[in-house]
Protein chains: 2
Amino acid sequence: MEAVKCSSGGASFEADAECVLRAITPSLDPKRHKGQAGKIAVIGGCREYTGAPYFAAISALKIGADLSHVFCTQGAATVIKSYSPELIVHPILEESYSIIDVDDEGRRQISKKILSEFDKWMERFDCLVIGPGLGRDPFLLECVSKIMTHARESNVPMVVDGDGLFLVTNSIELVSGYRLAVLTPNVNEYKRLVQKVLGGDVDDQNTHGELLSLSKQIGGVTILRKGKSDLISDGEIVQSVSIYGSPRRCGGQGDILSGSVAVFLSWARQHISATKRESTISQTNPTVLGCIAGSALLRKAAALAFKHKKRSTLTTDIIEHLGQSLEAICPAS
Amino acid sequence: MEAVKCSSGGASFEADAECVLRAITPSLDPKRHKGQAGKIAVIGGCREYTGAPYFAAISALKIGADLSHVFCTQGAATVIKSYSPELIVHPILEESYSIIDVDDEGRRQISKKILSEFDKWMERFDCLVIGPGLGRDPFLLECVSKIMTHARESNVPMVVDGDGLFLVTNSIELVSGYRLAVLTPNVNEYKRLVQKVLGGDVDDQNTHGELLSLSKQIGGVTILRKGKSDLISDGEIVQSVSIYGSPRRCGGQGDILSGSVAVFLSWARQHISATKRESTISQTNPTVLGCIAGSALLRKAAALAFKHKKRSTLTTDIIEHLGQSLEAICPAS
């Protein structure tokens with residue numbers, strides 16, 4: 001298999017991202033059946049936010065996942081469903097404002113019910129995306145903490161972004177030591193994570209070393225630090241992806257990334273299990289491979305969208321170019 | 001910087017609008033991060049109106065803002081969210097019909113809560129757009145008055161249009177003397193403003209002088225009087241924009257304008273602060289620059305849309321041409 005020769009490894013190098021993407025993307029075999037190319041679930045969507053979980057979930061499908069679910073609040077569900085008939089949307093979460101008259105015992109019951117509804121589905125998923133448009137409601141975040149704990153007990157991988165990072169930064173034990181977790185912080189989210197975990201300010205003179213320490217300190221959780229170049233570390237290696245993307249910084253691009261990483265890391269795990277760790281690439285951490293591929297694809301798609309739409313490029317336009325970018329890197333046949 | 005030579009100034013001249021637009025539009029620098037190109041909030045959207053706030057908010061994004069929020073009533077929110085996943089929509093406003101059984105004390109509490117929810121966000125915004133699809137419900141307008149007062153205390157700029165102008169015409173003290181406010185009246189809204197503030201009928205023989213007096217009388221608030229030519233004054237200068245637009249007068253074009261002016265005036269303020277008032281253009285009032293650029297862009301986009309769609313041109317078609325018009329005036333690279 002050609003893909004196994006992707007140059008990577010070493011302490012801190014630019015990843016051969018397109019090679020990684022080609023290596024882990026499964027071939028399209030007519031014998032495969034629904035679900036084998038990936039089943040993703042996004043946990044997010046509340047009173048204010050409906051776009052973010054939609055972007056993450058639809059991106060997963062546009063890349064090639066077979067099924068994409070969203071778990072959100074009831075109000076958000078109606079809207080997210082209306083964005084696309086392709087998604088399966090579960091209106092199971094609750095925010096404090098909708099249970100304002102419920103006493104503590106009632107809340108415990110609601111929380112228990114949410115968890116049991118999620119548990120019915122959990123083991124079907126290849127990866128969860130926690131956080132796009134989750135909001136910061138305390139009751140909702142408490143339920144999501146429990147969902148994360150259950151997912152971890154069942155070894156379901158998770159990509160944590162947005163308000164999920166807010167949750168995790170304040171309760172680092174939720175992911176600490178969990179090798180199947182990926183965090184995807186932007187500039188500000190990274191800063192808060194460094195302050196909380198390493199107890200100091202971000203050191204711009206030592207970006208690789210600091211990221212490595214941060215990941216080690218959280219027990220080998222993979223971190224994708226978004227920026228001009230994306231930097232990825234699992235506490236053992238640092239890889240960067242610097243393919244030129246787009247200069248537009250419209251909100252929502254991070255959601256495409258989290259949805260993409262979820263799919264690619266699922267594929268990387270499949271690839272590694274199928275090749276029995278015999279290739280170089282399959283000796284790399286699948287979460288790192290997933291981050292490399294997701295970052296590369298988003299950048300390619302953003303560059304293409306920007307070429308067409310220039311200053312008016314929005315996240316929706318980038319999503320529309322995911323397929324074309326994937327085809328350019330890794331043709332379907 | 002070439003742009004500093006834009007011919008403008010003088011007492012009453014046609015603005016070199018494309019030159020102004022080029023001068024204030026920020027370059028697309030890959031080092032910038034989300035939010036730096038502008039965060040806009042539209043206050044509007046009620047039981048009857050959902051299109052207007054959507055038009056204003058999506059136009060801001062299509063021009064190049066990074067984030068666009070809408071604050072509206074609950075019923076309007078579901079619909080506005082469903083128009084586009086790109087917007088962040090806050091269902092916080094209330095109309096009298098939805099609180100019909102609530103007593104005075106209850107109403108005070110609701111009003112207080114609305115204000116405190118808005119305050120959590122306010123200082124993040126570079127500019128507010130007050131009025132698109134706001135409606136005229138007394139309780140809702142009272143809350144919006146308070147929102148305007150808070151925004152003013154925090155020096156957040158605001159563009160006031162539609163029912164926001166109805167509110168302001170009846171309570172001129174809300175904007176009087178606030179140099180970061182822009183009013184964008186159409187023929188009828190201008191007439192009511194003149195009657196209320198100058199106490200007479202519109203004088204078509206003295207359009208420039210009258211606009212100058214009106215603006216002075218409101219303490220230097222910038223007024224963009226929409227018409228065959230758009231006339232702009234801050235009480236010190238009068239500028240006009242007469243670029244040919246479209247003969248279609250479909251509803252919603254004013255919403256594109258208010259959203260655009262909000263973005264351009266934020267950029268003009270950034271430009272002025274970065275160039276330290278050393279260029280000619282940066283000695284001009286940023287609210288005036290924002291109006292000139294917004295007017296020019298809408299006219300260009302309307303002309304392009306009309307070329308394609310003729311009599312069936314709608315506001316959505318014009319929005320689809322904002323990017324192309326911007327690119328024609330001010331190429332992204």
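The chains referred to below are lettered A, B, ... by the order of the sequence lines, with proteins before strands, and numbering in each begins at 1.
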Hey, which residues of residues 45-62 of chain B are touching chain A, say heavy atoms under 4.5 Å apart?
B:I58, B:L61, B:K62
Under 4.5 Å, heavy atom to heavy atom, which residues of residues 296-308 of chain A contact chain B?
A:F306
Interatomic spacing from OG in A:S312 to CG in B:L326 - rounded to 0.5 Å
8.0 Å
For A:K310 and B:A332, work out which heavy atoms get closest and say how close.
CD-CB, 3.9 Å
Of the listed residues (A:N188, A:V187, A:T313, A:T316), which shares the most heavy-atom pairs with chain B below a 4.5 Å separation?
A:T316
Which of A:R248, A:R249, A:Q253 touches chain B most, by non-hydrogen pairs under 4.5 Å
A:R249
Please output the residues of residues 81-89 of chain A in contact with chain B, using a heavy-atom cutoff of under 4.5 Å, in numerical order.
A:S82, A:Y83
For the pair B:R32 (side chain) and A:P247 (backbone), establish whether a donor and an acceptor sit closer than 3.5 Å, ignoring hydrogens and angles.
no
Hey, could you give me the CG/OG distance between B:L28 and A:S246, rounded to the nearest 0.5 Å?
7.5 Å
Inspect the surroundings of CD in B:E327 and state if more than 12 heavy atoms from other residues, nucleotides or ligands are less than 6.0 Å away.
yes
With a cut-off of 6.0 Å (strictly less than), are more than 12 heavy atoms of other residues, nucleotides or ligands near CD of B:E123?
no
Which atoms of B:A65 are under 4.5 Å from chain A, going by heavy atoms: the side chain, the backbone, both sets, or neither?
backbone
Set of residues satisfying ring-ring contact (aromatic ring centres under 6.0 Å, His included) with respect to B:F139, sequence neighbours excluded:
none
